[in-house]
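Numbering starts at 1 and runs along the sequence shown.
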Amino acid sequence: MKKIISIFMTVVMLIGIFVIPASAAKEVRGNTTSNTVNRGEVAVYGDYVYYLYENALYRTTKDGKNTVCLKRDFAHYGLFATDNYIYGYQEGYGINPYKKYSIKDKTVENITFKAQKGWEYPDEIVAINDGYIYYVFNSRLENNSINENSRDSYICRDRLDNKGRPSVKNVAVIDKAVASDNRYAYYDFVTVSNGYVYSRSLDEILYQDTYDIKFNKVKVDGKSKKNISFDLGDITYTDFRRAVLSDGWIYFVGSVKKNDKWNISVYKVDLNGKNLKKVKALITSASYNNSVYGFTVDSGWIYYYTNDKGLYKLKTDGTGNTRVHKPTDSYYENQKKYIWIAGEWIYEYENYSYLVKTKTNGKSKTTINAIYEENADTHAG
């Protein structure tokens, strides 16, 4: 049970949420789903790419030139960039770990949220979209015992004011995962499409590796909630914390156990929980059910990393499986592997020490160095 909680809290920031436009109107999004499910350490905004390295906020042009350090000691992950503001999450920053950087004024301030059940801040921001901020309060164990006031979980929405701050006064609870007796409930997947919030919640029995799973669909105003029947067939294990919504499908990695070995594949299912399809078999007869890392989907391509073969990409129709580069990390570091896509560039860490970028065709690999400029806090946006 402790292992499950540890894994959940480590990846809680990895859940992505974004709206796919239902009309020709252009949406304002803070980051892509593919980046947010991988900790969101890179975000594209306007003509620039913003990224985090050694907790500092950087800005570079899309061709990778003209890099500047905008703010030292800004955030560890969770970048969103919209309306001339950059948002990020800083670990261990007391009761207000969320920060906002003004591109125009070059200033930083903490973000205040309306608390739920006595919590001072949410476990994660899952989207900043069209002037609204979406966030989740997830239940959790505290000091190895259940917190009776935090067994349920919430998906909330609040409008941002003209200074990029949550209004606090007009918070709407979009959905709520209610824990059963002697259980606690939390979300491991949240996304939005065509005006609906889609989520997967787990109702877990305390101190046991068993839980009930529910898929829900609800309008962004919290109305018309509907449970989705989701049949995974013979899939034994799924990692929905890194599931990605793209082009009306939810893509995820699933494993089927056979003769004490795992066959691991990419699957996709539509937003009604129907038409489950295997996109591509990735690994056969694996010793572990989580042997694929850095999974993401962007612009019609699926990217994934394996310990023994390196970084690969394939089209979302399952064709064109191509290796981008050979393995660069140890097995331990692969388990923490994250990939961020910014235009034609792939950003990733090697051995979680060196930030590198490589073109999606595998060429022009470049190591990114930290820039500690004396004027980092006074750069123009």
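- For Tyr196, the side-chain contact (heavy atoms from CB on, under 4.5 Å) criterion is met by Tyr198, Lys217, Lys219, not counting sequence neighbours.
- Put simply, the side chain of Tyr101 does not reach to within 4.5 Å of the side chain of Glu109, judged on heavy atoms.
- Interatomic distance, CG of Leu276 versus CD1 of Ile250, reported as 11.0 Å (0.5 Å rounding).
- Under the side-chain contact (heavy atoms from CB on, under 4.5 Å) criterion, Ser201 pairs with Ala177, Tyr187, Lys214, not counting sequence neighbours.
- For residues 252-265, no residue pair satisfies the salt bridge (charged side-chain N to carboxylate O under 4.0 Å, His left out) rule, not counting sequence neighbours.
- Looking at residues two or more places apart in sequence or on another chain, you find no side-chain hydrogen bond (donor to acceptor under 3.5 Å, both in side chains) involving Asn272.
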**Request:** Output, in order, the C-alpha distance, side-chain angles, deciding distance and verdict of side chain to side chain contact (heavy atoms under 4.5 Å, CB included) for Tyr48 and Thr61.
**Result:** CA-CA 5 Å; Tyr48 296 101; Thr61 49; 3.9 Å; yes
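- Legend: residues meeting side-chain hydrogen bond (donor to acceptor under 3.5 Å, both in side chains) with Thr284, ordered by chain and number and at least two apart, are absent.
- Taken from CD1 in Ile125 to SG in Cys156, the straight-line distance is 12.0 Å, to the nearest 0.5 Å.
- Closest of all the heavy-atom pairs between Trp249 and Val269 is CE3-C, 3.4 Å.
- Residues Thr360 and Lys313 share a closest heavy-atom pair of O-NZ, 3.0 Å.
- Rounded to the nearest 0.5 angstrom, Trp262 CH2 and Ser255 OG are separated by 6.0 Å.
- For Thr238, the side-chain contact (heavy atoms from CB on, under 4.5 Å) test picks out Arg200, Leu232, Ile235, Phe240, Phe252, with sequence neighbours left out.
- Between Val220 and Ile174, the closest side-chain pair of non-hydrogen atoms is not below 4.5 Å.
- Looking only at distances, a side-chain donor or acceptor of Tyr87 sits under 3.5 Å from a matching main-chain atom of Gly164.
- Smallest separation of non-hydrogen atoms from Asn35 and Ile339: OD1-O, 4.4 Å.
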**CA sep, side-chain torsions, deciding dist, call: Asn263, Ile283, side chain to side chain contact (heavy atoms under 4.5 Å, CB included)** = CA-CA 6 Å; Asn263 296 328; Ile283 302 177; over 6 Å; no
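- A side-chain donor-acceptor contact under 3.5 Å links Tyr98 to the backbone of Glu124.
- Screening Ile346, Ile341, Val244 against Asp298 for a side-chain contact (heavy atoms from CB on, under 4.5 Å) leaves a single residue, Ile341.
- The two atoms that bring Ile302 and Phe295 nearest to each other are CG2-CE1, 3.5 Å, heavy atoms only.
- The closest side-chain donor-acceptor pair between His325 and Glu348 falls under 3.5 angstrom.
- Using a 4.5 Å cut-off on side-chain heavy atoms (C-beta onward), Thr36 and Phe80 make contact.
- Looking only at distances, no side-chain donor or acceptor of Asn129 sits under 3.5 Å from a matching main-chain atom of Tyr132.
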**Message:** What verdict does the side-chain hydrogen bond (donor to acceptor under 3.5 Å, both in side chains) test give for Asp73 and Asn55, after you've listed the backbone C-alpha separation in whole Å, the side-chain angles of each residue and the deciding distance to 0.1 Å?
**Reply:** CA-CA 5 Å; Asp73 192 31; Asn55 306 339; 4.9 Å; no
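- Between Leu160 and Pro166 the shortest heavy-atom distance is CD2-N, 3.7 Å.
- Shortest non-hydrogen contact noted between Glu41 and Tyr349 is OE1-CE1, 3.5 Å.
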**Item:** Intermediate values then yes/no, side chain to side chain contact (heavy atoms under 4.5 Å, CB included), Arg59 and Val49
**Value:** CA-CA 6 Å; Arg59 184 198 68 198; Val49 176; over 6 Å; no
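- Here Lys225 pairs with Asp175 under the side-chain hydrogen bond (donor to acceptor under 3.5 Å, both in side chains) rule; sequence neighbours left out.
- Looking at heavy atoms from C-beta onward, Arg157 lies out of side-chain contact with Tyr135 at the 4.5 angstrom threshold.
- Atom CD1 of Ile264 is separated from atom NZ of Lys280 by 15.0 Å, given to the nearest 0.5 angstrom.
- In this view, Ser224 satisfies the side-chain hydrogen bond (donor to acceptor under 3.5 Å, both in side chains) rule with no residue, not counting sequence neighbours.
- With Lys100 contributing its side chain and Lys163 its backbone, the two residues share a donor-acceptor pair below 3.5 Å.
- Residues Asn84 and Asp105 have side chains not in contact (no heavy-atom distance under 4.5 Å, counting atoms from C-beta outward).
- Partners of Tyr312 by ring-ring contact (aromatic ring centres under 6.0 Å, His included), not counting sequence neighbours, listed by chain and number: Tyr304.
- Side chains of Asp158 and Ser167: a donor on one and an acceptor on the other come within 3.5 Å.
- Side-chain atoms of Asn216 and Ile228, non-hydrogen and from C-beta on, never get closer than 4.5 Å to each other.
- Not counting sequence neighbours, the partners of Tyr347 by the ring-ring contact (aromatic ring centres under 6.0 Å, His included) test are Tyr51.
- To the nearest 0.5 angstrom, Leu355 atom CG is 9.5 Å from Tyr58 atom OH.
- Interatomic distance, Trp340 CH2 to Ser34 OG, rounded to the nearest 0.5 Å: 12.0 Å.
- With Lys62 contributing its side chain and Gly46 its backbone, the two residues share a donor-acceptor pair below 3.5 Å.
- By the 4.5 Å heavy-atom criterion applied to side chains, Phe189 and Ser199 are not counted as neighbours.
- Note on residues 355-364: pairs passing salt bridge (charged side-chain N to carboxylate O under 4.0 Å, His left out), not counting sequence neighbours, are Glu344-Lys359.
- Under the 4.5 Å side-chain criterion, counting only non-hydrogen atoms from C-beta, Leu202 is in contact with Asp188.
- Under the side-chain hydrogen bond (donor to acceptor under 3.5 Å, both in side chains) test applied with Thr319, the options Thr322, Asp317, Asn321, Thr316 reduce to a single match, Asp317.
- Under the rule for a side-chain contact (heavy atoms from CB on, under 4.5 Å), the partners of Ser265 that lie at least two apart in sequence or sit in another chain are Tyr267, Lys278, Ala281.
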**Request:** With side chain to side chain contact (heavy atoms under 4.5 Å, CB included) as the test, would you mind laying out the steps for Phe74 and Leu52 before giving the verdict?
**Result:** CA-CA 8 Å; Phe74 177 67; Leu52 298 170; 4.0 Å; yes
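- By the criterion of side-chain heavy atoms lying less than 4.5 angstrom apart, applied directly or through intervening Ile, Leu, Val, Met, Phe, Trp or Tyr residues, Val297 is grouped together with Leu314 in one hydrophobic cluster.
- In the hydrophobic clustering of ILVMFWY residues, with side-chain heavy atoms under 4.5 Å counting as a link, Tyr303 and Val356 come out apart.
- A chain of hydrophobic side-chain contacts below 4.5 Å, direct or via other Ile, Leu, Val, Met, Phe, Trp or Tyr residues, connects Phe137 to Val173.
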